[in-house]
Each structure stands twice: as C-alpha cells, then as structure tokens.
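Data block below; observations after.
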Amino acid sequence: MGNIMEKLELTAQSMYCKKVEELTPSELHLSLGKAVMGEIAPNWEASKAKHNNNRRAYYFSAEFLMGRMMYNNLYCLGILDDVKKLLKKKGVDINVFEDIDDAALGNGGLGRLAACYLDSAATQEVPLDGYGIRYKYGLFKQLIKDGYQVEVSDNWQRFEDPWCLRREDEAVLVSFKDQTVRAIPYDMAVIGCKTSNINTLRLWQAEAVNDFDFTAFNDTEYDKAVKEKNDAENITKVLYPNDNKYEGKVLRLKQQYFFCSASLQDIMRRYKAKHGNDFSYFAKENAIQLNDTHPVSCVPELVRLLMLENMNFDEAFEIARKTCAYTNHTVLGEALEKWPADLMTQVVPEIYHIICLIANKCQEELTAKGISEDMKAKMRIVDGNVVHMARLATYASTYVNGVAQLHTEILKDDVLKEWYQVYPERFQNKTNGITQRRWLGLCNPELAAMITDKVGSDEWLTDLSLISKLNESVNDTRTINKFNTIKKKKKVQLAEYIKKMDGYDVNPDTIFDIQVKRLHEYKRQLLNAFSIMTIYYRLKENKLKNWTPTTFIFGAKAAPGYARAKAIIKYINEIANLVNNDPDTKDLLQVYFISNYNVSYAEKIVVAADISEQTSTAGLEASGTGNMKFMLNGAVTLGTYDGANIEIAECAGEENEYIFGARVEDIEKLKAEGYDPKKLYDANPEIKRVVDTLIDGTFDDDGAQGEGSFKELHDSLLKDSSWQKADNYFLIYDLPLYVDAKIKANADYADRKAFGKKCLMNIANAGKFSSDRAIVEYAKEIWHVSHK
Ligand SMILES: *Cc1c(COP(=O)(O)O)cnc(C)c1O
C-alpha cells in the first residue's frame, strides 16, 4: 500500500485536474476510493479465481446495511492511520469523509447482520459472496420537527460510489408477466482484515431494455417515449422502509424476484462455463443462504432455470433444495411473508405455477410419511389464496436456522413446530454476531488500544475469543480506572457529535442510558418512556434519594406508515421538553431523541453508553445485534430475558447485567390466565398516573385535546380491539419491575469501581458475539465450505 498517495495524486489529476489539497470532500472521496480500488484489484482478481475453483456460498439478501465504507476499508487494509497522516501533511482532515452519506441499503438489524457477515467472511477467508439490490434511494433520512418524525429521501448516490464497479458485460434479462428488464450488476469489494482475501457483493440495478422509444417520441408522445425506462428503473428505485413487517405490494414482489432471478442466472452462467449442461455438480459446488424469506423466490426460480435445461421437475427441485438454506429472523405474525396467490399470478405466473408443484410435492411427501390430515393442513405451502413463504423456505431448504438459542427453540416448538416434528435434522441455531473490526477497532480506538495491551497483541481483531484475556484484569483498579477514563472520553466525543448533529447540549458527567434501534411496539421504547416519567415524578416528590444524574438518549426511525411508532417518537419528545426544562429535575434527568439513527451514528453512540436498553417483550426479539455492540464496548445491559440478551448474560454473568421482567414462560402463563392490564393499572396509582400522561393534558396530543395519537396509544394499552388484545406487549406488567431494575443500576453506578468491573466483564466475555464465530459456524455446519 506504499504508493496509495501517488495513486491518489494521479487519480485527482486525471479525474479533476486538481491537486489533492484542492479537492472537495466528495471529490476526495471518489479519488481516494478509486485509488484504493486500483490498489486492491490484483488481490480481488486472485480471490475471485480461487472462489471459482472450489465449493462456495452465496448470501442472498434484500438488504445490506453497509454504512460508510471509506474508514472501514482503509482500516481493514491497515492503512487508516497512514492515510490520515499523509492527508494531514497536505492540510486535509480525514474527518471530511463524515460528509459522505452512509450506504443505507437496509432497515436495521437484518441488513446490518448481512453486512457484518460479509466482513467476517472476507476476513475468515470463507468463499462467500453477497447478492442483493442496488436501491437508488436507501432508507429515508429522518428529521425531527416539533417532536415529529419527518422523512427525507436518501439520495446516497449523489456522492457517487467509488466502491462499486458497474459490470455492463455481465447484465442479464429478468422477465415479469408485464415487462422484461435488464439487471445490471454493480460489484463491491469486501475487504478482509489481515488477509489478501477479498470477497464480492454484487448488487443489481434494474434498467430498461430500450431506454427510449423513438417512434413514440416522433409521434410527440413524450411520456410514452420514456415509460419503459421509468417502469424498469422503478423496480430498484427505493428500499421499502418496513422493519419486521411484511408489505404485500406488487413492486416489492418484483424487487424480490428481480434480484433472485438475476443472481441465479449469474451463478448458472458461471457453472455452465465450467460444466456445460451437466448439472449434477450444481448443489455440490454452490450453497445459497436465504436471509429471511425475502429471497425465497430463489427456490422456484432455480427450479425453473434447471427445467429450461431439460431437467424434470423432481430432479430440479432436489438440486434446489440441496442448494438452499434458510435463516428465519422473526416470530412476529405481521412480519411473516404471506403472498396472495392472485398477486403472484399477476406478476410472476411461472413462479407461482412452480410453487404449486412444490406445494403438491410437499403434501405428497407428508402423506407418504403418514402425517395426519390435520397436521398436513397446517403445513400447506399454498393455502387457498395464500402462499406461506416461511413454509416454502423450510420445505425447500437443507437447513433452517434461528438467530439465537431462545429464538431457535421458539421456532422448534411454536412457529415451525410441525416442520420440526417432520424434519428435525434440518433445524440449527446460529446465534448472530457483529464484526469487532467496525464495532470496536474502528469506532473505539482508545478501548481497542487498551485491549491490545491486555491481550498482548491485536490478534483479537481476527479472533475475538482472545479478548477473554481481559478477565485477568477485571479486578485491577488501574485497569478499571483506565476503562472509566476511556468511557468518559467517548461520552465527551458523543456529546460533541450530538451538538453538531442535533444541536443539543448533553452533559457527559451524567450516566448515559441509551436505547437506539428501529421504533417498534415490541421493542418497547414506550416502556422506557414510562419508566422515565415514573422516575421524574418520584424525583419531583423527593421519593427517590441518591439518584445519580442520568441522560436518556433515544434514536429510532419509525416506518413512515406506522402511526403508533410515530406517536411514540412524539411522546418521547414531549417528555424531553418537560423534564429538560423543569428546574426541579433538569440537573437530574435529561432526555434526548437524536435524529437519523444510522450506522455512522451507531458507531459514535454504542461506545459512549453506560447502560444499554434492550427491553423487547420476552420471546419477540429474535436475537438483537445492537445489544452485542454495546456489550463489546463495555455497557451493562438493562434488558429482558429475550433473544441474545440471554446469552450475553450467560457469558458476562447475570450479576453484571440488569435483567428484568416477564420471561417467555411468564408471558405464556399470563396469556393463558387472561392477562388484564386494566386491573394492574387500576390497582397501582403510580402506573395509572404515568400511563394517563398520554391523555390527561400533561402533553400536547397533536393539539387534539386527548383524542389524537396519544389517545390511540392509551387505548392500545387498556382496551382490546378487534385485531389485538389490550397491552399486547405487556408494558404494564413489566413497568414496575423495569423501574426497580433501572433504579438498581443507577444506584450501583455510584460505586465506580464495582460498576467498572461489570463493564469490563462484559467486554472480556463478548468473544462469542463476533460475526467471525457465527460465519465460521455457517461455513462448517451449513455450507460446508472452507475457512481460514
Ligand atoms: C445494529 C443496528 C441495528 C440493530 O439494532 P437492534 O438493537 O438489534 O435492533 C439497527 N440499526 C442500526 C443502524 C444498527 O447499526
């Protein structure tokens, strides 16, 4: 990498006729990106050739939440510090790249997981390439105006994209009932750390076969002349902004089929170049991981493509089933994809026809196994007008996996229980992970240096199990003090960043209690808000002694169509407005809702937290990965027995977390008994007072005098509706337990040494939560491919 600066100078000159120091931030970004791409090209070529000669795996995902690429790529190449110094010599601050938007081609955890897995596969030399969609507009940007969320489109490509190469020569055609479009691949290099291996993320962009209709133009029908172009480009125009919610729109189905078909054609073309028309090696050479059901049309499409090669349906299906494996990410009913058959017929009739063949085959197989009619009915892939995508994915896969131990158990004895009974050998657990390179090395260099010092080398960057060496120092006062000093520094840095981004004055001498994640009822940001109001009233009435001043920080995007989620954002901002300005409490309690939470914001936030809020209703958060980012950076978890929180507490010791509330068994029992939140609310004046702030005029309810969106939230907690029970997420049950746990954590914080030890115990025992561990498990136990 010695001549990176020379390459940069040449690139700047040829692209802009400028010296490096004269470039604007976006010009510098493009030039340096191109220079880096030039440097890595030989390694990338060599890695591609190697993948081609061996069994390999593909990660199919509708989302890849990559975040900002520049710092990460320089970091993984081991040249971040050098480039920083060399730019500084030219009077350029490397922080200029903060002006470049994140690549936000994902909603939240699922998309970020895909990005962490690519990073880990590259570093662990797992032959894994990603396939996805190159959305023109990624996840919307969020502004907060008068306490409300406002969405702005995310035109991330306006900075151009030095990390992707357009491969016009490898374009393919994808056909729907009413249109045929070109799929153009854009290849992004995924750079490994401490290895020459470089993997590929291939993202497809939809374009018209004929950009422009001259006949129509000459007939002065200008709209018609560009119609085909617009109709084609619309397919990859925008990422659907729902997290954990299925959206049954024609365009969404087109997106899914579009990238599956293009990716499979690509894989088939490579295969045929090697083996001609003999497909007997296909499943031996290729493994495809389906990231949730979004890419499940991959199965019927692969069957279709193989049948075009003169294979019969049964042979083709056997190959498809042996090739695919499915990761389930959720147990929420509203998130499970159920496509209407008539909609599928209207968009991709051949695919629907093949799904019906698969569905029949499945029922025949179950009959042959002597499965009862009753159970067979529960396992219909096509049931009346509904296609159950999770059932299709389960039937048509070699393996099905959940993403944390508890989640996998729930799949086995609830969501997919019939399938587990018939095909138990298919079920596996693969607890999620995060890459320690981005989520510690890059975003917390101060803590990383301390860990390197304790471990004795920086080998933990590629083998996080080594971080357990830190266990030897958790009682050492100097180490604890050092950690506390670093944490303070990260809080000061976050306070500066919040000032710059949101204009708030955050006091770093307070506890930072942080909840950042997508806004969803099941994640229970509203429970956090209620706990803050409870504490606020106790403080005002002098009922809470020895409270250490605390800053509560929230960050969350609500899906634009999710009214309750938006109401919760407004409610939190109303609370902020009240407590931050109340002279009785403003020095004890501060609340801030930061805008546009994304990967780059996350990198600054997770390092600065003292307390990590993970409050989902037990059983509903499949894993969580935010929880792992906080743990790795030395925050204690204030959370429920849910998802990976359980494994986090197991690893770090439950005495080093604040676990509260109903467990899955308790929730089941409450449901069986007929949970009555109204009764708890009537019996507990403190709960009643806090919940009623939604309707009693404490806050401005959309100017609707207690009849607006806060009233709707209030009703959702206390009244059954036609589609949901009262307090479906058990906020009222958990609130008192949660407040107790929060106050306990606050009291414990005052003993800086004991609390520091808890934080260190979290860091030292975070080894399991590396996505390197997870990806090597997938490589060994699901894909059967090589690794480092
Ligand atoms: C890690 C991450 C998430 C997932 O957070 P959870 O708390 O696991 O839901 C969502 N968004 C961004 C930007 C992230 O970095």
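Everything numeric in this text was worked out from a predicted model, so none of it was measured. Ligands are counted one by one from 1 in listed order, and the atoms in each one are counted from 1 as well.
Within 4.0 Å of ligand 1, protein heavy atoms belong to Gly108, Gly109, Trp439, Val516, Lys517, Lys523, Tyr597, Asn598, Val599, Ala602, Gly624, Thr625, Gly626, Lys629, listed by chain and number.
Side chain to side chain, Thr637 and Gln614 fail the donor-acceptor criterion of an N or O pair below 3.5 Å. Between the side chains of Arg524 and Tyr729, no donor-acceptor pair of N or O atoms lies under 3.5 Å.
Tyr59 pairs with exactly one of Thr327, Asn199, Asn291, Asp129 by the side-chain hydrogen bond (donor to acceptor under 3.5 Å, both in side chains) rule, that one being Asn291.
Salt-bridge check for Glu777 with Arg773: passed, with a basic side-chain N closer than 4.0 Å to an acidic carboxylate O.
By the 30° and 60° cut-offs, the orientation of the rings of Tyr562 relative to His520 is perpendicular. Ring planes of Tyr592 and Tyr504: tilted class, angle from 30 to 60°.
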